[in-house]
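Here's the structure, in structure tokens; my notes come after.
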Amino acid sequence: MCTRAGPRWTPGSLGCVSRQGLPTIPNIVVFMTDQQRGATVLPGDPLKAITPHVDALAADGVTFTRAHTVSPHCCPSRTSFLTGLPPSTHGVWNNVNVANALRRTPYADTRFWSQDLAEAGFRLGFAGKWHVSNTLNPRDVGWQECLVTAPGAAGEATEEQQRAAATERDRELAAQAAVDHDPGRQRRPGEILRPGYTDYVHYRVNPDPYGDRAVVDSAIEFITSAAEGDQPWISYVGTLGPHDPYQPPQEFLDLYDLDAIELPETFDDPMHDKPALYRRIRDRFDQLTEQEHREALRHYLAFCSYEDHLFGRVRDAVAASGQLEDTIFVYLSDHGDYAGDHGLWCKGLPAFTSAYHVPLVIGGAPLGEDVRGTTVTDLVSMIDLGPTLMELCGREPTAPMPGHSLVPALRGEPLDGPGEVHFASNGNETLGNQRVVMTDRWMLVVNFFDADELYDLVNDPGQRHNLLHRDRPARRTGITEGSTVPSELREVVDELYARMWRFGLAHGDDLTCNYILTALGHRGPGIVLG
């Protein structure tokens, strides 16, 4: 059983030491938003939102400016955060509740870090979005449940029954769309017409979007209760904003002047050198006028400001509990949002950094004065958070985690990471499979449904120019193996493919079918074997 034995925490090599030299453990608040782009919290970025509470946390801690999720979807990224594992290891690839979900729960042997901490005597409170499993819930992996949204409500239902239920929901929505369809109706402001599908309005105003206020209230209740005990505690707060449709309260929309909103420099990218799927997705949003795109960005930024307000309420509650001096705060998101990049919105398969780049700020009174207000520019992955939280709590995980603890950065020391991050998708419900590897300079996108992409992030941070795109005026036969990659880039592409396969094979990736019609990578997994 862990008990508190000192007033202050100082990060050590592992575990915690108070000013008196007695073992002690910090409290931790994890505030995870849904679909917040990393740029929204970075000073000087054109997309910086008004976030005074996160700004205050950054001044009180460390900002990781190049933090990335592992997948551009809620379920796999949240599962990776809660397990410290990539999707290929935990098995969750897309929405666990849809009819054609690849899996509806993590693999049976998946270990959550919350199980280790609960068994060690920590008190854990889970409030907000779960969306990790359709059979497990937070209580099954060590959490005390507050107000949980997107829970695994299937109970004892079999896989077949879950699929049937999801299919029936889709049929009901289709029937409703048929009833509501009016072919003569004019498109409303912010609306994207989708005949045969339910109505979709991209932005609106909502005094309590997605019920996030109640989620925060339940977290505050847990914090107040936990502060009265002797156990170290962790409060997870998972809000649903700023997920689309963007719907902030009016008072936060009023913070932004529409005339001052500028669309990203890449907004007009025709994407002729990108996979056709990217253009098909963008075509949906091209129904919106440029003014509506700007209005959408205004609503998105305002929604980020509202989430910041909710985070401020949580921080104030910790202060009111008398434990602000003993608490570390982690502010992050599950994945990003295109927010107009390349004319796109929301998140998904187009492998632009805006869908993967997330906020990550870790701060609080327990951190030393010398690191407060600092930034770390190393590449950081979502799977690094599990090892980080375990080290902050002075515990070794009972199951392997491939990430690297960020605690050295909280001591003002260099990180010893691999210098690369990996992203993966096995399809966003109806879309295709991707694997992505990013280094300080290069980003290789392996599209098993289309041509690959290679971006020079130093000289082309907006990813306008796919260096692997080729015009094909006429079909040729008798081509040389490898000639589809420009000769000056073959060494780079081969090295990035090797990094991709090395990581995938080490972490259970099964996208390795050898059949001639599916083994479409420029280089196969055998390049790193033998």
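Predicted model only: the values in this text are computed from it and were never measured.
- With rounding to the nearest 0.5 Å, the separation of CE in Met271 from CG in Leu277 is 9.5 Å.
- With 3.5 Å as the limit, one finds no donor-acceptor pair spanning the side chains of Gln463 and Thr266.
- When the shell of 6.0 Å around CZ of Arg188 is examined, it contains more than 12 heavy atoms from other residues, nucleotides or ligands.
- Pairing each heavy atom of Arg284 with each of Ile192, the nearest pair is O-CG2, 3.5 Å.
- Going from atom CG of Asp337 over to atom NZ of Lys347 covers 8.5 Å, rounded to the nearest 0.5 Å.
- A 4.5 Å side-chain heavy-atom check between Val41 and Leu360 finds every atom pair outside the cut-off.
- Taking each heavy atom of Asn95 and Cys75 in turn, the nearest pair found is CA-SG, 3.7 Å.
- Enclosure of atom CZ in Arg163 is not indicated, since only 12 or fewer non-hydrogen atoms of other residues, nucleotides or ligands lie within 6.0 angstrom.
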Test side-chain hydrogen bond (donor to acceptor under 3.5 Å, both in side chains) on Thr135 and Ser133 and set out the steps.
CA-CA 5 Å; Thr135 56; Ser133 168; 3.2 Å; yes
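- Taken from OG in Ser425 to CG in Leu349, the straight-line distance is 5.0 Å, to the nearest 0.5 Å.
- Side chains of Phe303 and Gln36 form no contact here, defined as non-hydrogen atoms less than 4.5 Å apart.
- With sequence neighbours excluded, no residue forms a side chain to side chain contact (heavy atoms under 4.5 Å, CB included) with Ala174.
- Annotation: side chain of Phe285 is not in contact with side chain of Tyr338 (no heavy-atom distance under 4.5 Å).
- For the pair Thr89/Thr83, no side-chain contact is recorded, criterion being any heavy-atom separation below 4.5 Å from C-beta on.
- Considering only residues two or more places apart in sequence or on other chains, Arg294 meets the salt bridge (Lys or Arg N to Asp or Glu O under 4.0 Å) condition with none of them.
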Criterion side-chain hydrogen bond (donor to acceptor under 3.5 Å, both in side chains) on Thr33 and Glu307, from CA distance to verdict:
CA-CA 7 Å; Thr33 61; Glu307 296 302 322; over 6 Å; no
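- For Trp143, the ring-ring contact (aromatic ring centres under 6.0 Å, His included) criterion is met by Trp113, Phe126, not counting sequence neighbours.
- At a threshold of 4.5 Å between non-hydrogen side-chain atoms, the residues Asn466 and Tyr455 count as touching.
- Evaluation of the side-chain hydrogen bond (donor to acceptor under 3.5 Å, both in side chains) rule for Ser235 yields no partner, not counting sequence neighbours.
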Could you walk me through whether Glu292 and Thr289 satisfy the side-chain hydrogen bond (donor to acceptor under 3.5 Å, both in side chains) test, starting with their C-alpha distance in whole Å, then the side-chain angles of each, then the deciding distance to 0.1 Å, before giving a yes or no?
CA-CA 5 Å; Glu292 287 174 299; Thr289 66; 3.2 Å; yes
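- In this structure, CD on Gln144 lies 13.0 Å from OG on Ser114, to the nearest 0.5 angstrom.
- The side chain to side chain contact (heavy atoms under 4.5 Å, CB included) test with Met443 is passed by exactly one of Val421, Val436, Asp460: Val436.
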Working note: Arg169 + Glu172, criterion salt bridge (Lys or Arg N to Asp or Glu O under 4.0 Å); need CA distance, chi angles, decisive distance, verdict.
CA-CA 5 Å; Arg169 287 195 301 270; Glu172 292 172 356; over 6 Å; no
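- The side chain to side chain contact (heavy atoms under 4.5 Å, CB included) check on Asp268 picks up Arg464, with sequence neighbours excluded.
- Considering all non-hydrogen atoms of both residues, Asn94 and Asn100 come closest at ND2-O, 4.2 Å.
- In summary, Asp55 and Lys48 engage in a salt bridge, as defined by a charged side-chain N under 4.0 Å from a carboxylate O.
- Taking Asp45 as the reference, Ala39, Leu42, Leu47 meet the side chain to side chain contact (heavy atoms under 4.5 Å, CB included) condition, with sequence neighbours excluded.
- Judged as a ring pair (Phe, Tyr, Trp, His ring centres under 6.0 Å), the pairs with a partner in residues 242-284 (not counting sequence neighbours) are, in order, His202-Tyr246, Tyr246-Tyr300, Tyr246-Trp345, Phe252-Tyr306, Phe252-His309, Phe267-His293, Tyr278-Phe352.
- Residues satisfying the side chain to side chain contact (heavy atoms under 4.5 Å, CB included) criterion with Glu159, sequence neighbours excluded, are Arg104.
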Between Asp450 and Lys274, is a salt bridge (Lys or Arg N to Asp or Glu O under 4.0 Å) present by the stated rule, with each step listed?
CA-CA 9 Å; Asp450 207 319; Lys274 313 296 194 295; over 6 Å; no
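- In terms of the side-chain hydrogen bond (donor to acceptor under 3.5 Å, both in side chains) criterion, Arg204 has no residue partners (sequence neighbours excluded).
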Assess whether side-chain contact (heavy atoms from CB on, under 4.5 Å) is satisfied between Arg315 and Val29, documenting all intermediate values.
CA-CA 9 Å; Arg315 204 168 187 218; Val29 171; over 6 Å; no
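- Considering only heavy atoms from C-beta on, Arg103 stays 4.5 Å or farther from Val92 through its side chain.
- Taken to the nearest 0.5 Å, the OG1 atom of Thr149 stands 7.5 Å off from the CG atom of Asp212.
- In terms of heavy-atom proximity, Asp384 sits nearest to Gly403 at OD1-CA, 3.3 Å.
- Tested against Ser218, the residues Ile223, Val148, Val237, Leu147 include a single side chain to side chain contact (heavy atoms under 4.5 Å, CB included) partner, Leu147.
- Enclosure of atom CD in Glu262 is not indicated, since only 12 or fewer non-hydrogen atoms of other residues, nucleotides or ligands lie within 6.0 angstrom.
- Residue Pro270 comes nearest to Arg282 through the heavy atom pair O-NH1, 3.1 Å, listed as atom of the first residue, atom of the second, then distance.
- Distance check: Thr105 OG1 to Asn134 CG gives 8.0 Å after rounding to the nearest 0.5 Å.
- Scanning for salt bridge (Lys or Arg N to Asp or Glu O under 4.0 Å) contacts around Glu145 gives Arg139, with sequence neighbours left out.
- Ion pair Asp456/Arg441 flagged as a salt bridge, since at least one NZ, NE, NH1 or NH2 atom sits closer than 4.0 Å to an Asp/Glu carboxylate oxygen.
- When every heavy atom of His335 is checked against every heavy atom of Ser77, the shortest pair comes out as CD2-OG, 4.1 Å.
- Considering only heavy atoms from C-beta on, Asn433 stays 4.5 Å or farther from Trp93 through its side chain.
- Within the structure, ring pair (Phe, Tyr, Trp, His ring centres under 6.0 Å) pairs that include any residue of residues 422-446 comprise His68-Phe423, Tyr356-Phe423, His422-Phe503 (at least two apart or interchain).
- Scored by the salt bridge (Lys or Arg N to Asp or Glu O under 4.0 Å) test, Asp334 finds Arg78 as partners (sequence neighbours excluded).
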